[in-house]
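These values consider heavy atoms only, across backbone and side chains, with no hydrogens, waters or symmetry-generated copies. Since the model is a prediction, treat every value here as computed from it, not as a measurement. The chains referred to below are lettered A, B, ... by the order of the sequence lines, with proteins before strands, and numbering in each begins at 1.
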Amino acid sequence: MESVKAVRGMRDLLPEELERWQSFEEKARQLLARYGYQEIRTPVVEEKGLFERSVGEQTDIVTKEMYTFLDRKGRKLALRPEGTASVVRAYLEANYFQKRKISRFWYLGPMFRYDRPQKGRYRQFYQLGVEVFGGQDPFFDVEVMALMFYLVNSSGVTDLTIHLNHLGCAQCQHNYLGVLQKFVRPRAGFLCCDCQRRLASNTLRIFDCKNERCAEVLEEAPLPGNYLCQVCQDRYEKVHTGLKALGLSVFEDKRLVRGLDYYTGTVFEAMTGRETNAVAAGGRYDTLTMALGGPAIPAVGFAIGLDRLMALCSETSSKLPVIRAIFLGEEARKRGFLLLEELRREGLRVETDYEERPLKNHLQTASREKVVWCLILGENELNREQFVIKNMETRRQYEISFNGAGQKVKELVC
RNA sequence: GUGGGUGUAGCUCAGCGGUUAGAGCGCCAGACUGUGGCUCUGGAUGCCGGGGGUUCAAAUCCCCUCACCCACCCCA
C-alpha cells in the first residue's frame with residue numbers, strides 16, 4: 001500500500017529543528033515585551049475579500065497564490081497569505097482606535113501561499129510580524145525597524161543591513177506615477193514581457209526586475225524618492241538619521257518597492273550577506289484602515305520570514321542536561337522509578353528505557369547518544385541506600401544517598 | 001506558472017541493458033556475566049519513487065506521474 005506523505009509544499013517541523021525555533025521565540029517574546037508589544041492571534045481563515053481589499057486585487061498573491069474555497073454556506077473564504085490584513089481587521093473590529101491612541105501588536109503563525117516550493121519557500125510558512133497603529137511620527141518607523149533588526153539579530157544572524165526607501169504619501173505617489181508612466185511608455189518595447197504586464201497592473205514593481213535590459217532602460221528612470229513632497233522628504237530624513245543614530249547598518253535603496261499595494265511612505269527590507277532574498281520586510285501603510293472601512297489610522301509594521309531565518313541561523317539552545325537512568329535488577333527498577341519522579345520534581349530531566357540489559361550495553365548506548373550523565377542503580381547501591389551518578393565525559397562517578405537526592409544531583413549536573 | 005537537475009539500504013552515494021543490486025557510515029549479535037567510545041568476528045537489510053511501454057532480458061532505454069533540489073517568477 002502506498003504510504004501517505006505530507007502535502008506538496010507543506011512540511012513537518014521535527015523536534016530537532018523546533019529546538020532552534022523555540023529558543024528564538026523565547027528571546028523574541030522577551031524583546032517584544034520590552035518594546036511594549038502585545039501578542040495578537042487572528043484566525044487562519046478570513047474572508048477572501050479582506051485580502052483583495054488590502055493586499056491588492058491585481059497582485060500575484062491575490063490573483064494566483066491564495067488558497068480560496070467556499071464553505072457550506074457559500075462564503076468565499078481564504079487561508080491567509082500574510083498577517084497584516086488580519087491584524088488591521090481585528091484592530092478595527094475591536095475598536096482599539098477608540099480605546100487608546102497607540103496600539104502595538106505582534107503575531108506569529110502560519111501563512112499560506114500556493115507558490116512553487118523551493119529553498120526557504122513553503123506553501124505553509126511562518127511569519128513573526130509587528131504592527132503599530134495610531135502613530136504618524138517617524139520615530140515609530142525607526143522603533144519598528146530597530147525592533148526588526150534586534151529580533152533578527154537575536155536569532156544569531158548578525159550580518160544585517162536595512163534597505164530603506166520612501167514611496168511617498170498618496171499625493172506624491174499619484175504625481176510620481178504620472179511621471180514614471182510618461183517616461184516608460186515610449187520605451188515599453190524594450191522591456192521584458194513580465195515588465196510589460198507590470199506596467200499595467202503594478203507599475204512600481206518594474207524596479208524589481210532582474211532582467212539586464214530592463215535595468216538598462218530604467219537606469220535613467222525617475223525614482224519615487226525624487227518626487228516626494230516636503231513633508232514626506234522630511235519624514236524620510238528623520239527615519240534615516242534615526243536609524244543612523246542607533247548605529248544600525250542602513251543602505252538607501254532608491255529602487256526598493258514592495259509587492260503589496262497597501263504600502264505608503266517608508267518601506268524597508270532586512271538583507272543578509274548570505275541570501276539574495278530579504279529575511280524580513282515591511283513599511284508604513286497609512287491608508288489601509290480606510291480601505292477596510294475604518295477611520296484613517298496611520299500604521300507601520302513588518303514581518304520576519306521564520307523559515308528563512310531559521311535556515312540561516314545555527315542557534316545553540318541551552319537545554320537541560322539529560323540524565324539517563326540505568327536500573328540493574330527488578331528491585332532497583334521499582335525503587336528507581338520513584339527516584340526519577342523525585343528528580344523530575346526538582347526540575348531535572350531524567351529518562352530511561354526501563355530495559356534489563358547488561359550495564360555495559362546501557363553505557364554503550366548512552367555514550368553513542370552523547371548522553372553526558374548516567375544514573376546507575378543496582379543491588380549494591382540499593383543495599384546502601386544510594387545510587388551512582390556518572391559523568392560520561394570525565395568518567396568520574398559520584399555516590400549519592402537517597403536522602404535529599406534531588407538537591408545533590410542538581411548541584412552536580414547543572 | 002516557466003526552465004533545468006535528482007530520486008537505489010536508516011544516512012551519503014556507486015552501479016547506467018546481461019549472474020542472486022553494491023560500498024562506506026550507521027544498526028544488531030558475540031568476543032566482554034556491574035562500567036562506554038577502540039579492535040576483531042558474524043548478521044539483517046531494499047516495491048532501485050510510482051505507473052505504463054520497448055526488449056529474450058530494464059535499477060539501467062522511452063513515455064507519463066509524483067516528490068525533492070536549483071534558477072526564474074513571487075515574497076518574508
* To do: Would you check, one step at a time, whether the test ring-ring contact (aromatic ring centres under 6.0 Å, His included) holds for F125(A) with F112(A)?
  => CA-CA 6 Å; F125(A) 60 102; F112(A) 303 84; 8.0 Å; no
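For E17(A) and R11(A), the salt-bridge test passes: some basic side-chain N is under 4.0 Å from an acidic carboxylate O. A salt bridge links R89(A) to E46(A): at least one charged side-chain nitrogen sits closer than 4.0 Å to a carboxylate oxygen. The existence of a salt bridge linking E39(A) and R29(A) is confirmed by a sub-4.0 Å separation between a basic side-chain nitrogen and an acidic carboxylate oxygen. Between D115(A) and R123(A) no salt bridge is recorded (no basic side-chain N to carboxylate O distance below 4.0 Å). Between E331(A) and R333(A) there is no salt bridge, since no side-chain nitrogen of the basic residue lies less than 4.0 Å from a carboxylate oxygen of the acidic one.
The aromatic ring centroids of Y126(A) and W21(A) lie less than 6.0 Å from each other. You'll find the ring centres of Y114(A) and Y67(A) inside the 6.0 Å limit. Taking the six-membered ring for Trp, F337(A) and F327(A) have ring centres at least 6.0 Å apart.
Following rounding to the nearest Å, F302(A) (CZ) and C75(B) (C1') show an atom-to-atom distance of 16 Å. One interatomic measurement links the two molecules: NZ of K119(A) to P of A71(B), which rounds to 9 Å at whole-angstrom precision. Separating the CG atom of N383(A) from the C1' atom of G34(B) is a distance of 14 Å, rounded to the nearest angstrom. Distance I304(A) CD1 to C75(B) P: 19 Å, rounded to the nearest Å. Distance E16(A) CD to G10(B) C1': 14 Å, rounded to the nearest Å. Rounded to whole Å, the distance from CG on L359(A) to P on G37(B) is 12 Å. Distance H362(A) NE2 to U33(B) C1': 15 Å, rounded to the nearest Å. C75(B) atom P lies 18 Å from atom OH of Y114(A), rounded to whole Å.
For residues 389-414 of chain A, every residue pair satisfying the ring pair (Phe, Tyr, Trp, His ring centres under 6.0 Å) rule, not counting sequence neighbours, is listed here: F387(A)-F402(A).
Among the protein residues, L306(A) comes within range of no part of the nucleic acid, since none of its heavy atoms lies under 4.0 Å from any strand. Residue contacts shown for L328(A) include a base, since a base heavy atom lies under 4.0 Å away. Y126(A) comes within 4.0 angstrom of no nucleic acid atom, judged by non-hydrogen atoms across all strands. Using a 4.0 Å heavy-atom cutoff across all strands shown, Q118(A) reaches at least one base atom of the nucleic acid. Within the nucleic acid shown, I61(A) comes within 4.0 Å of sugar-phosphate atoms alone, with no base atom in reach, counting heavy atoms only. In this structure, N361(A) reaches neither bases nor backbone, as no heavy-atom distance under 4.0 Å exists between it and the strands shown. Nucleic acid contact for D115(A): base, since at least one base atom lies under 4.0 Å from a heavy atom of the residue. Note on A280(A): only backbone sugar-phosphate atoms sit closer than 4.0 angstrom, heavy atoms only; bases stay farther off.
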Pairwise N/O distances under 3.5 Å, protein to nucleotides 39-43 of chain B:
none

Atom pairs, N/O to N/O, protein against nucleotides 4-9 of chain B, distance under 3.5 Å?
none

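With a 3.5 Å ceiling on both atom-pair distances, the Watson-Crick or G-U wobble partner of A29(B) is U41(B). For G1(B), the paired base is C72(B) (Watson-Crick or G-U wobble, both distances below 3.5 Å). Nucleotide A67(B) has U6(B) as its partner under the Watson-Crick or G-U criteria, with both atom distances under 3.5 Å. Pair check for G18(B) finds C56(B); Watson-Crick or G-U wobble, both atom distances under 3.5 Å.
For the P atom pair drawn from U45(B) and A9(B), the interatomic distance equals 15 Å after rounding to whole Å. Between U60(B) and A71(B), the distance separating the two P atoms is 30 Å to the nearest Å. Only the P atoms considered, A58(B) is 24 Å distant from A14(B), to the nearest whole Å. Annotation: G3(B) and C73(B) have their P atoms spaced 15 Å apart (nearest Å). Comparing the same atom, C1', in C48(B) and in G15(B) gives a spacing of 10 Å after rounding to whole Å. Going from the C1' atom of G46(B) to that of U8(B) covers 8 Å, rounded to whole Å. Distance check on atom C1': G43(B) versus U33(B) gives 23 Å, rounded to whole Å. For the P atoms, the distance linking C75(B) with G50(B) amounts to 38 Å, nearest Å.
For Q233(A), the side-chain hydrogen bond (donor to acceptor under 3.5 Å, both in side chains) criterion is met by no residue, not counting sequence neighbours. Listed by chain and residue number, E341(A) satisfy the side-chain hydrogen bond (donor to acceptor under 3.5 Å, both in side chains) test with R344(A) (two or more places apart in sequence, or in another chain).
Using a distance-only test at 3.5 Å, with no hydrogens or angles considered, no donor-acceptor pair links the side chain of S103(A) to the main chain of F133(A). Under the 3.5 Å distance criterion, the side-chain polar atoms of D286(A) are matched with a main-chain donor or acceptor of A299(A).
Candidate nucleotides C75(B), C70(B), G36(B) were compared by shortest atom distance to the side chain of R308(A), and C75(B) ranks first. Listed nucleotides G36(B), A67(B), G34(B) differ in distance to L363(A); the shortest reach to its side chain belongs to G36(B).
Below the 3.5 angstrom threshold, one finds no donor paired with an acceptor across the side chain of R113(A) and the base of C74(B). Put simply, the side chain of R368(A) and the base of C27(B) share no donor and acceptor less than 3.5 Å apart. Taking 3.5 Å as the limit, the base of G34(B) and the side chain of E381(A) contain a donor-acceptor pair of atoms between them. Judged by atom type and distance alone, R121(A) reaches the base of C73(B) through a side-chain donor-acceptor pair under 3.5 Å.
The closest side-chain donor-acceptor pair between Q407(A) and E346(A) falls under 3.5 angstrom. With 3.5 Å as the limit, one finds no donor-acceptor pair spanning the side chains of T272(A) and D159(A).
Residues of residues 390-399 of chain A having a heavy atom closer than 4.0 Å to RNA chain B, listed by number: K390(A), M392(A), R395(A), Q397(A).
Projected onto RNA chain B by closest heavy-atom contact, D307(A) and G9(A) fall at different nucleotides, the more 5' of which corresponds to G9(A). When each of G282(A) and A6(A) is assigned the nucleotide of RNA chain B with its nearest heavy atom, A6(A) is the one assigned upstream, toward the 5' end.
Not one side-chain nitrogen or oxygen of Q364(A) sits closer than 4.0 Å to the OP1 or OP2 atom of U35(B). Side-chain N/O atoms of K360(A) include none lying less than 4.0 angstrom from OP1 or OP2 on U35(B).
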